[in-house]
There are 2 protein chains.
Amino acid sequence: MRGDGNELNERKKLILKAIIEAHVRDGEPVGSKYLTQNKQFSLSSATIRNEMSELEEMGYLEQPHTSAGRVPSEYGYRFYVNSLMQKYRMSQNELARMNALVKSRLAEVDKLLETATQLAAALTNYTSIAIKPGRSATAITKFRLVFITDEVLMLVMLMADGSVRTGQIHADLQLSPGLLERLEMILNTQIAGKRAEEISMPLVMEIERLFGEGDSLVGPVIKYICEVLAENTGGDVKLSGVNHLLEYPEYADAHKFKELLGVLEEKRDLLRLVSETDESDDRPQVIIGSENSVEEMQDSTLVFQKIRSGGKVIGAIGILGPRRMDYSKVISTVEYITDNISELLRASPGLPPGGQDDDEHKT
Amino acid sequence: MRGDGNELNERKKLILKAIIEAHVRDGEPVGSKYLTQNKQFSLSSATIRNEMSELEEMGYLEQPHTSAGRVPSEYGYRFYVNSLMQKYRMSQNELARMNALVKSRLAEVDKLLETATQLAAALTNYTSIAIKPGRSATAITKFRLVFITDEVLMLVMLMADGSVRTGQIHADLQLSPGLLERLEMILNTQIAGKRAEEISMPLVMEIERLFGEGDSLVGPVIKYICEVLAENTGGDVKLSGVNHLLEYPEYADAHKFKELLGVLEEKRDLLRLVSETDESDDRPQVIIGSENSVEEMQDSTLVFQKIRSGGKVIGAIGILGPRRMDYSKVISTVEYITDNISELLRASPGLPPGGQDDDEHKT
DNA sequence: ATTAGCACTTGGATCATACGAGTGCTAAAC
DNA sequence: GTTTAGCACTCGTATGATCCAAGTGCTAAT
């Protein structure tokens, strides 16, 4: 019954569009009469009723119960997003607000993502999600040891993917810049480039031998390095504006809302969701209802877009709301914010400058 | 009417305790009859009624309406927490679970706090909050510049409070270790120890003059330093288990819950709340209802405890739930978790080892 | 092909009633 | 003097009946 025959005539499209937009606006089923009175259709309610009846048969609409108006089906929304919707044009006001917010804080990617989420939530009145996928353990290409105090050193690690990690290590013996220089060299020759599995006990002992004094220094350092290598950084998810959801009657059911909240906090599912989608698709992705493999989110829509920097996906920002959501506005917002972030990332320093990747060398 | 005369006799205390515990258990007003049938009181309901009536007059109990049972008043809870409650003894099971979780991930304070929150939420079935107060702008005592690639350097700043901040800076000119060494020295002589206001334009120009080449390097570096100095790090708040709140009918009202969520996300109020309390008190703090200055939280109770490392408050973890909360269990949990974290912080490195503070030198 | 008209369905709001839980008080019992 | 039994009273909620408005589907007329 879906997409049978060949699609909708113009009038049906217009009606469907009007229904969806009306429903999104006030959240109630839309009746035939409503469409005639408020709107530009020069048709009677009866005619519209007939069309609606057909639209229902074709799967674009649904009836909550006999005497209610129609509501867009998931399929209907999907069609709307794919074909009917026109891009939302931000108002002067919104644009100004956005620019101001975007410019305010940049710097580290983390902060950037967080700001972006808050922004998205504030602008759309839906819940917004920042996703930072975990980098799966990469090798370390270079070490630097920095002398901080007599007892503390900082370990700086340049990762193969171009990012940098740092950590402080507390040593039990008296440190000196010279000592660190020696250890740094040893690390760079012996450990750089290796994966966690390759750091065997004999290797560690060899290093301790080379370094000579103070295995109370080598020990903690190696331990820290192993931790970083093994880390498989879990990825991070930040929510903003969860409270907005409660504005929509769709989330009135406390129990279901609780479940949803639980999933959102769990991170895992969200991360999977983002990584499941087409890796190369850099447009906003719209996941409507049951297209979503996470059960608890099947009454919601998730719109998200990946953010790249130097060819690598470094995160994503998304918006979550009821299936009845202002797709046009949400999609534009996500798109706009993502673009801006990419822009900022290109301009500012802060993270991988594209470094040792294959693609970038052709310039 | 509060605390008039001189306090409760034994029987009143017992009855009050029983009422509170029953109410916490099932969330409904407690009637006189209920107390007699289920419980160990060898009294009739009438007697209990009389006692309850007096307890009400004294301000420990309240009646939602004439024909409902009694409910503990805020004052009643406060009394319970202060005098009646006995420490919750964790079950073998809970202890095991906790230990396992605590041991799993430690390392950075951030991670630690996050794990702790999740733990607290899981154990208590309330919402848990990790609070990392912002350090109010401190001076930088020392700089280190680390060569990372031809174009990127890492700026390491030792702060006056003993912590370390790092940031990457992208330079437009070709970097070299020698270059950085020179700049490092200039920074250490010219800027170290200064506050943000003291970094004037003339000073910056002086530095550029001293450094000579490439103000395309000095510019970004100084800018970054100023940002860090001005930063007044906002502090951070992490929530876990928000969904648990929805289990309690107290939070059924979607609108109020939305407001509460909004406040929790805002961070600001929470941070204030924690910093408002007695700085030196390291026991768990219990803020019940209207004792809380945040309006939206006046129907809730917040239990939290500060975490110190080397004398400095580095964060707090707390639990938020309905006023009717299992105080005994919650307080013990918070206490236990906090103690464990302190323990871990003492054992592992990772953060300020107490550094250049006054108190610590006396060892 | 469109429209007017009408019978039918149905969820929600409104109202009245009944019920149950709990109290406060008085008078009797210990 | 304290405790208890008994009873009238209060009040929130659950239940059910009724009504209404909105919307549909269908048929017949335009």
Side-chain angles (χ1 to χ4, degrees), chain A residues 5 8-16 18-20 22-23 25-73 76 249-250 252-253, chain B residues 1 5 8-16 18-20 22-23 25-73 76 249-250 252-254:
Chain A
L8 308 177
N9 59 32
E10 268 323 298
R11 197 169 71 180
K12 280 208 180 52
K13 285 187 191 169
L14 250 85
I15 291 179
L16 179 56
I19 291 178
I20 291 187
H23 179 64
R25 190 168 354 97
D26 23 79
E28 269 153 36
V30 183
S32 55
K33 204 170 165 190
Y34 180 86
L35 283 186
T36 58
Q37 66 189 151
N38 204 335
K39 275 288 186 174
Q40 67 285 34
F41 292 100
S42 46
L43 294 171
S44 79
S45 64
T47 314
I48 301 209
R49 267 205 297 286
N50 289 332
E51 293 286 42
M52 281 163 85
S53 170
E54 286 177 44
L55 279 169
E56 179 172 5
E57 208 159 320
M58 296 161 98
Y60 295 95
L61 295 179
E62 283 170 355
Q63 240 179 332
H65 58 86
T66 328
S67 76
R70 303 301 210 290
V71 158
S73 70
E250 280 87 340
D253 177 357
Chain B
M1 193 154 297
L8 309 176
N9 58 33
E10 270 322 298
R11 196 170 72 181
K12 281 209 179 54
K13 284 187 191 169
L14 250 87
I15 291 180
L16 179 56
I19 291 178
I20 290 186
H23 180 64
R25 190 169 354 97
D26 23 80
E28 268 153 37
V30 183
S32 55
K33 204 169 165 191
Y34 180 85
L35 283 187
T36 58
Q37 69 188 149
N38 204 335
K39 274 289 186 170
Q40 67 284 33
F41 293 99
S42 46
L43 293 170
S44 79
S45 65
T47 314
I48 299 209
R49 265 206 297 288
N50 289 330
E51 294 286 40
M52 283 165 83
S53 170
E54 287 178 43
L55 279 169
E56 179 172 4
E57 208 160 317
M58 296 162 97
Y60 295 94
L61 295 179
E62 284 171 354
Q63 241 180 330
H65 59 88
T66 327
S67 76
R70 302 301 210 291
V71 158
S73 71
E250 279 88 340
D253 176 356

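First the proteins, then the strands, lettered A, B, ... as listed; each starts at 1. Here the structure is a predicted model, which means the values were calculated and not measured.
For B:Ser44, the side-chain hydrogen bond (donor to acceptor under 3.5 Å, both in side chains) test picks out B:Thr47, with sequence neighbours left out. By the side-chain hydrogen bond (donor to acceptor under 3.5 Å, both in side chains) test, B:Gln63 is found to be paired with no residue, residues two or more places apart in sequence or in another chain being considered. In this structure, B:Thr66 has no side-chain hydrogen bond (donor to acceptor under 3.5 Å, both in side chains) partners at least two apart in sequence or on a different chain. Residues passing the side chain to side chain contact (heavy atoms under 4.5 Å, CB included) test with B:Asp253, sequence neighbours excluded: B:His255, B:Lys256. Considering only residues two or more places apart in sequence or on other chains, A:Glu54 meets the side-chain hydrogen bond (donor to acceptor under 3.5 Å, both in side chains) condition with A:Lys12. The side chain to side chain contact (heavy atoms under 4.5 Å, CB included) test applied to A:Pro64 returns A:Pro29, A:Ala68, A:Val71, not counting sequence neighbours.
Distance CG (B:Leu35) to P (D:dT3): 16 Å, rounded to an integer number of Å. Distance, A:His23 NE2 to D:dG23 P: 14 Å, rounded to whole Å. Separating the CD atom of A:Glu56 from the P atom of D:dT24 is a distance of 10 Å, rounded to the nearest angstrom. Taking atom CD of residue A:Glu51 and atom P of nucleotide D:dT24, one finds them 13 Å apart after rounding to whole Å. The CD atom of A:Glu62 sits 15 Å away from the P atom of D:dT24 (whole-angstrom rounding).
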Salt bridge (Lys or Arg N to Asp or Glu O under 4.0 Å) assessment of B:Glu62 paired with B:Arg70: CA-CA 5 Å; B:Glu62 284 171 354; B:Arg70 302 301 210 291; over 6 Å; no
B:Thr36 vs B:Ser45, side chain to side chain contact (heavy atoms under 4.5 Å, CB included): CA-CA, chis, key distance, verdict: CA-CA 6 Å; B:Thr36 58; B:Ser45 65; 4.1 Å; yes
If you restrict it to nitrogen or oxygen atoms, what contacts under 3.5 Å exist between nucleotides 27-30 of chain D and the protein, and what is each distance?
none

Review item, nucleotides 13-22 of chain D N/O atoms under 3.5 Å of protein N/O:
none

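Taken to the nearest 0.5 Å, the CG atom of A:Leu55 stands 10.5 Å off from the CZ atom of A:Arg11. Taking CE of B:Met58 as the reference point, atom OG of B:Ser53 lies at 11.0 Å (rounded to 0.5 Å).
In this structure, the nucleotide among D:dT24, D:dT4, D:dT3 sitting nearest to the side chain of B:Ala46 is D:dT4.
Sequence order on DNA chain C of the closest nucleotides to A:Pro64 and B:Thr66 puts A:Pro64 first from the 5' end. Mapped onto DNA chain D by nearest heavy atom, B:Leu43 and B:His65 fall at different nucleotides, with B:Leu43 at the one closer to the 5' end.
A:Ser45 comes within 4.0 angstrom of nothing in the nucleic acid, heavy atoms only.
Heavy atoms only, all atoms of each residue included: A:Ile19 and A:Val30 are closest at O-CG2, 3.7 Å.
Taking every nucleotide of DNA chain C with any atom under 4.0 Å from a non-hydrogen atom of chain A, the first and last of them, 5' to 3', are C:dT2 to C:dG11.
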